[in-house]
Amino acid sequence: MDKSSGLIFLFISVGYLCHMANSALMEKLANKKICADEDCSYVISMAQALEDYIALDCRFINLRRGQMIYVYSKLKPQEGAGVFWCGSVYGDRYVDQMGVIGYFPSNYVNETHVFQKKTAEMATTDMDFFCA
Ligand SMILES: *[C@@H]1O[C@H](CO)[C@@H](O)[C@H](O)[C@H]1NC(C)=O
């Protein structure tokens with residue numbers, strides 16, 4: 001495997017682990033989500049954190065202002081709730097970030113690059129909110 005196909009494989013694996021790496025069933029944040037494919041394994045877009053965000057619980061990830069984030073899925077907002085996206089922070093030590101995937105409020109980020117214009121809407125499952 002050359003370097004670029006290795007990286008693509010990593011994206012796919014990380015995306016797949018998005019909701020499976022941890023171990024407690026949490027309340028669903030939404031009933032519908034938008035992904036690039038039915039496994040939500042492709043990166044939809046890159047976004048940059050506009051402000052620091054502190055994770056509320058294990059479903060979420062911390063963001064630091066200026067950090068770049070890979071976006072894997074976007075929850076469809078429920079009435080009266082915020083808009084949350086699922087992603088991981090891009091880092092130089094990328095492998096260390098594996099498993100550090102979770103939700104953050106979309107209004108804390110600026111979407112800078114959209115990779116997947118075609119997206120599909122589907123139901124969320126309990127596994128989407130399963131964590132430690
Ligand atoms: C969002 O990103 C775009 C493209 O990189 C940039 O031009 C714009 O200034 C950014 N907006 C904010 C609020 O940082």
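Both ligands and their constituent atoms are indexed starting at 1 by order of listing. Only heavy atoms go into these numbers, but all of them, side chains included; no hydrogens, no water, no symmetry mates.
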Task: Ion pair K28/D128, N-O distance below 4.0 Å - done: no

Task: Salt-bridge criterion met for K74 and E121 (N-O under 4.0 Å) - done: no

- [ ] Kindly state if atom 7 (O) of ligand 1 has a protein heavy atom within a strict 4.0 Å cut-off, that is, under 4.0 Å?
- [x] no

- [ ] Might you check, step by step, whether the distance between atom 14 (O) of ligand 1 and some protein heavy atom is under 4.0 Å?
- [x] yes

TODO: Please work out which of the three classes, parallel, tilted or perpendicular, describes the rings of F129 and Y103, given edges at 30° and 60°.
DONE: parallel

Open item on the list: Ring centroids only, cut at 6.0 angstrom: are Y90 and Y70 within range, meaning strictly under it?
Closed with: yes

Open item on the list: If you take the nearest heavy atom of each of N110, T112, V109, which one is closest to atom 2 (O) of ligand 1?
Closed with: N110

